[in-house]
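What follows is a single structure, written as C-alpha cells, with notes after it.
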Amino acid sequence: MKTKCIIGLSLLVSAITGCQESTLHNNGAKGPSNNELKLSGDSTVYGLACEGCSDSIIVLLPNDGSDPVRYNIIDATRNQKVLGDINTGDWIGLVLNKKDMSVADMAIDLDQLKGIWCYTVMPKWRDANSQHREQQNQMTREMSDSLKRKLFVPREYGFWLKRQWEASSVGHVQESNSPFDENPVVYPPLAYFVKWHIWNGKFVLVSGNPQYGKDNKVEGYSDIRYDTCSIDYLGKDSLVLTNRKGSRSYYRKSDINEVNKKIKTVTNVKTKQTPQKKAE
C-alpha cells in the first residue's frame, strides 16, 4: 500500500511540475505574461490543462503557478462548448459559471487555436460595382474556358495566430504593376491583422492600417478595428467563426509557404515574362 501511495504521489508531483515548466515557457521570460496582455473586462481563466482532465472534469494549473483547480465541465461538454481536443500541458481558457465558480461553461484549447487558418476567396470583375449582374454574367459566358481558368483563380486568405496574442495576415500575393498586365478582375481586400484575443469566450481579431517609417518598416497602426466572433467549432484542422456578417469556415495550413503556392508561382513567372521598358 505504501508503495502505491508513493508512486501515485510521484506521478502527481511530475504532472504539476510539468505544468509549471510549461507555464514558464508559455508566458516567456522575456515578455509580458498572457494575463498581463488580457483585454479589459475579460474574465476568462487561463492556464494549463493538467493530468486528470476528462469529458466531465478539467484540472487547470493557473498562470500564476498556484495549485491546480478542478472544474466541472459536464454541461459544457453536453452543450458542445468544449472547443478543441484538450490534452495535458495545453494552454486553455475557461469561462466560469457566474453562479458556481467551480463550473466552467466553456473551455477553449488555445494551443489548438493557434496556427495558420485559411479560407478561399474568388475575384470579381474590376468594374463590378458599376455593372449590372446580368452584364457580368454575360461577360463570363462569352469568355473562353481557358481564359476563365486563368483569371478566376481562387486564393487563400486568413490569419496566423501566434504566441502572446500576436497575429498576422495570410494570403497576400504580390501583384504586377505592369501596364502590360492589367487584370480585369480584382480580389477582395485583405485586412492587416496584428493581434488576437479571447474575451469572455469570444474570439477577437485585431486589425489596423500599418504606418511605415524609415526603411519601409512598420512603426505603428492606425484605424484599429476589433472583430468579435463566436467560436462555433474548433477541431484539429477545422475552425468555424461567426460575427455580425455571418459564419465562415477555415481550414488549417501547416506551412506558411504552402499558402497560395500555385498562384504565387504563376505570378512570379508572369512577372519575369513581362516586357521591360527600355532606358532612354
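Heavy atoms only: backbone and side chains are in, while hydrogens, waters and symmetry mates are out. Just so it is clear, the structure is predicted and the values come from calculations on it, not from any experiment.
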(request) Start with the C-alpha gap between Leu234 and Leu239, add the side-chain angles, then the distance that decides, and say whether side-chain contact (heavy atoms from CB on, under 4.5 Å) holds. (result) CA-CA 5 Å; Leu234 172 61; Leu239 172 67; 4.1 Å; yes
(request) Not counting sequence neighbours, list each pair that qualifies as a salt bridge (Lys or Arg N to Asp or Glu O under 4.0 Å) and has a residue in residues 206-220. (result) none
(message) For residues 83-103, which residue pairs pass the salt bridge (Lys or Arg N to Asp or Glu O under 4.0 Å) check, not counting sequence neighbours?
(response) none
Under the rule for side chain to side chain contact (heavy atoms under 4.5 Å, CB included), what residues qualify as partners of [X], not counting sequence neighbours?
X      : value
Ala104 : Tyr71, Ile73, Leu94, Leu96
Val186 : Lys124, Arg126
Ser43  : Asn200

(request) Verify the ring-centre separation between Phe193 and Trp117: is it less than 6.0 angstrom? (result) no
Quick one, [X] and [Y] - any side-chain contact, counting heavy atoms below 4.5 Å?
X      : Y      : result
Ile198 : Trp165 : yes
Cys229 : Lys202 : no
Ser222 : Asn209 : yes
Leu161 : Phe203 : yes
Lys114 : Lys162 : no

(request) Using atom types as modelled and distance alone, determine if a side-chain donor or acceptor of Asp105 lies under 3.5 Å from a backbone N or O of Val95. (result) no
(request) Could you list who else is in Val240's hydrophobic cluster, with ILVMFWY side chains joined at under 4.5 Å, directly or through other members? (result) Tyr233
(message) Please give the remaining members of the hydrophobic cluster of Val204, linking ILVMFWY side chains under 4.5 Å, ordered by chain and number.
(response) Leu39, Tyr192, Val194, Trp199, Val206, Tyr212, Val218, Tyr221, Ile224, Tyr226
Counterpart residues, salt bridge (Lys or Arg N to Asp or Glu O under 4.0 Å), relative to [X] (two or more places apart):
X      : result
Asp223 : Arg225
Asp75  : Arg78
Lys253 : Glu156
Glu258 : Lys261

(message) Using every non-hydrogen atom in the two residues, find where Ile74 and Ser56 come nearest and quote the distance to one decimal.
(response) CG1-CB, 3.6 Å
(message) Suppose the criterion is side-chain hydrogen bond (donor to acceptor under 3.5 Å, both in side chains): which pairs have a residue in residues 238-249, not counting sequence neighbours?
(response) Tyr119-Arg248, Asp227-Asn243, Asp232-Thr242, Thr242-Ser247
